[in-house]
Amino acid sequence: MTRTYSDVVADPYEAPPLSFTDKDDRTIEVRAYEGTDEELESLVDMYESFDPSDRAQGIPPGREDRIRDWLDNILDDDCLNVVAWDGDDVAGHATLVPDGDAYELAIFVHQTYQRAGIGTRLIKALLGHGRVSGVEKVWLTVERWNRAAVNLYQNVGFETSDAESFELEMTIRLSEPDE
Amino acid sequence: MKVLLGIGGSDDSIRALEKTVERTANADDDLTIAIVENPSVERSRDDIESKVSEVLSGLGIDATVRHLEGDPGSSLVDFAEDEGFDQLVLGGGETSPMGKIQIGSIAEFVLLNSHVTVTLVR
């Protein structure tokens with residue numbers, strides 16, 4: 001599929017690890033996923049209690065076996081994942097999955113941690129992680145009625161590249177071609 | 001039940017073909033398969049038709065196979081309504097590398113315009 005990307009490289013964001021205090025005074029740490037069993041089980045726990053009404057385009061899936069299959073796919077070595085932690089609990093998770101010469105992005109913030117500024121910090125950390133890992137182009141789709149998500153993506157530099165279908169497609173450039 | 005399956009040759013339409021023929025065998029439905037022009041698909045009509053024959057003969061099912069010309073979504077909707085079908089079946093979309101379901105433009109048109117019950121196969 002042909003997608004259009006801005007010629008202009010987006011502002012660089014800080015790569016993880018980093019930490020901040022959210023709007024509810026919780027200390028949130030954002031770290032790149034390293035592939036330990038503890039991290040995986042904490043992610044499974046987060047997605048098992050994820051509100052199905054916040055599902056988008058079929059993800060996250062709803063049953064533990066499907067969650068594990070899906071995570072197995074997006075936590076693969078060629079993907080880039082960052083996790084927002086509140087102690088040992090996962091507050092949110094964002095991922096870049098390779099797709100040809102670009103990466104597809106998705107981000108999930110658990111209901112307990114929404115509207116606390118975590119999504120913005122988490123997606124910036126993911127884009128920072130992607131940039132230092134050599135990612136050039138990132139795309140995503142979002143349901144067009146989901147204003148909160150669309151605003152989040154616009155605020156960090158995504159631009160609409162296709163508004164013709166059910167879902168809005170947005171793209172961002174993280175580095176120059178062949179930099 | 002009189003069932004119309006619309007396929008344009010995308011991977012999800014081939015999956016819909018396999019599942020629908022299987023269901024026809026179990027439910028004793030009356031199946032018609034309409035091959036439409038999907039401009040975003042590389043599979044040729046001959047390829048699609050031989051795939052249809054292969055799946056049908058594999059399960060020993062008889063079905064009418066038709067070729068519809070012109071805009072795929074509207075030709076399917078017209079045909080389903082004119083011929084009095086009970087159900088119009090389509091592929092339920094592709095999944096992105098992330099696993100997100102992405103509904104195709106034909107399904108999108110049919111869902112919004114068909115007066116015949118629509119089934120999307122997942």
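Each chain gets a letter, A, B and so on, in the order the sequences are listed, and its residues count up from 1.
- Using a cut-off of 4.0 Å between Lys/Arg side-chain N and Asp/Glu carboxylate O, B:Asp29 and B:Lys2 are scored as not salt-bridged.
- For A:Leu105, the part lying near chain B is the backbone, with the side chain staying farther off; criterion is any non-hydrogen pair under 4.5 Å.
- In this structure, chain B has a heavy atom under 4.5 Å from the backbone of A:Pro98, while its side chain stays farther away.
- Annotation: the span from B:Leu90 atom CG to B:Leu5 atom CG amounts to 7.5 Å, rounded to 0.5 Å.
- When every heavy atom of B:Ser10 is checked against every heavy atom of B:Asn38, the shortest pair comes out as CB-ND2, 4.3 Å.
- If you measure heavy-atom distances from B:Ser105 to chain A, you find no contacts under 4.5 Å at all.
- When every heavy atom of A:Phe20 is checked against every heavy atom of A:Gly117, the shortest pair comes out as CE1-O, 4.5 Å.
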